[in-house]
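Step one of this worksheet: look at the structure below.
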2 protein chains.
Amino acid sequence: MLNEGAGRDPAPLFAALGDRTRLSLLTKLSDGPSRSIAGLSAGTDLTRQAVTKHLRILEAAGLVISSRVGRESQFALRPEPLEELRVYLESISHHWDDALARLRVYLDR
Amino acid sequence: MLNEGAGRDPAPLFAALGDRTRLSLLTKLSDGPSRSIAGLSAGTDLTRQAVTKHLRILEAAGLVISSRVGRESQFALRPEPLEELRVYLESISHHWDDALARLRVYLDR
DNA sequence: TAAATATGCAACCATATGGTTGCATATTTA
DNA sequence: TAAATATGCAACCATATGGTTGCATATTTA
């Protein structure tokens, strides 16, 4: 059986990524330095408050970090969890490939 | 700006993975051949109906495929979407790394 | 200092989500 | 054929989720 891994439960992380708006925010933040809430809200059809909620969810998942700079809140990407998930997905795929290989050996003999 | 990619919107896929029960089902299915609903429900503290709902969600996301065999429904993993997501996560991380590199060049000059 | 800008917080809302129970139906198996 | 097994479908429920509006507060800027 596939080891669930030493890391934390990946489900909440996937859930944090399971929203178009949040993926879009991460994409914007992957583009360069940190941005303010107003900056991230511009161009969206959502209210600033809605965007703020999404940012807090991303922050709770560890996908972004925020810091107050003057009157604005700056958000920046934290890529570590993305890497964690990448490894996790890879482990499932590999485990599946191994299982298929074993099955093939079994069928061919 | 990071290209959203030629593939479909990854948000629904992430959402499908954003649940402990569903991740656990995928893990079980990555272990080997297909299993019936009853087989997948055994050992869970959920009802068979709840597990069925999760399986249908995974199926709608393309993460598993089902086929009726006699009186039972067999479910098997479909690893392709996992690979898609892996690539997607990788692209965000890479994009971020590139942005950081550019920033560094800018600061150092 | 007064006006403008950038947030934070709370209360509310409609709908989605994760589960359950109850009952019908299709296949096997004794 | 009768009992057991494996599902499917529907109706219901409590709570989570994604958004909004309204108003207060902290910083800048003119």
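Computed from a prediction, not measured in an experiment: that's the story for all the values here. These values consider heavy atoms only, across backbone and side chains, with no hydrogens, waters or symmetry-generated copies. Each chain gets a letter, A, B and so on, in the order the sequences are listed, and its residues count up from 1.
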Among residues at least two apart in sequence or on other chains, which ones pass side chain to side chain donor-acceptor pair (under 3.5 Å) with A:T52?
none
Let me have the donor-acceptor pairs involving side chains of residues 62-73 of chain A, under 3.5 Å, with sequence neighbours excluded, atom names and distances please.
{"residue": "A:S66", "atom": "OG", "partner": "A:R56", "partner atom": "NH1", "Å": "3.4"}
{"residue": "A:S66", "atom": "OG", "partner": "A:E59", "partner atom": "OE2", "Å": "2.7"}
{"residue": "A:R68", "atom": "NH2", "partner": "A:R71", "partner atom": "O", "Å": "3.3"}

Stems formed with participation of DNA chain D [Watson-Crick or G-U wobble, under 3.5 Å, three or more pairs]
C:1-30 with D:1-30
Contacts of type salt bridge (charged side-chain N to carboxylate O under 4.0 Å, His left out), residue A:R48, not counting sequence neighbours:
none
Is there a path from B:L85 to B:L23 through hydrophobic residues (I, L, V, M, F, W, Y) whose side chains come within less than 4.5 Å of each other?
yes
Side chain to side chain contact (heavy atoms under 4.5 Å, CB included) between A:H95 and B:T27, worked out:
CA-CA 9 Å; A:H95 197 254; B:T27 298; over 6 Å; no
Check the pair A:F75, A:L25 against side chain to side chain contact (heavy atoms under 4.5 Å, CB included), reporting the backbone distance first and the verdict last.
CA-CA 10 Å; A:F75 283 79; A:L25 288 170; over 6 Å; no
Run the numbers on A:L17 and B:L17 for side chain to side chain contact (heavy atoms under 4.5 Å, CB included), then give the verdict.
CA-CA 9 Å; A:L17 294 174; B:L17 295 174; over 6 Å; no
So, with a heavy-atom separation below 4.0 Å from DNA chain D, the residues of residues 51-67 of chain A are A:K53, A:H54, A:I57
Anything under 4.0 Å to a heavy atom of chain A counts; send over the first and last such nucleotide of DNA chain C, read 5' to 3'.
C:dA4 to C:dC9
Between B:D45 and B:V69, the residue closer to the 5' end of DNA chain C by nearest nucleotide is B:D45
All salt bridge (charged side-chain N to carboxylate O under 4.0 Å, His left out) counterparts of A:D9, not counting sequence neighbours:
B:R20
For A:D19 and for B:S36, find the nucleotide of DNA chain D with the closest heavy atom, then tell me which residue's nucleotide is more 5'.
B:S36
Which side chain to side chain donor-acceptor pair (under 3.5 Å) pairs, counting each pair once, include a residue from residues 75-85 of chain B, with sequence neighbours left out?
B:E83-B:R86
Does B:R22 reach a base, just sugar-phosphate, or nothing at all? Heavy atoms under 4.0 Å.
sugar-phosphate
By nearest heavy atom, map A:G18 and A:R48 onto DNA chain D; which one lands nearer the 5' end?
A:G18
For A:A50, all residues meeting side chain to side chain contact (heavy atoms under 4.5 Å, CB included), sequence neighbours excluded:
A:L46, A:T47
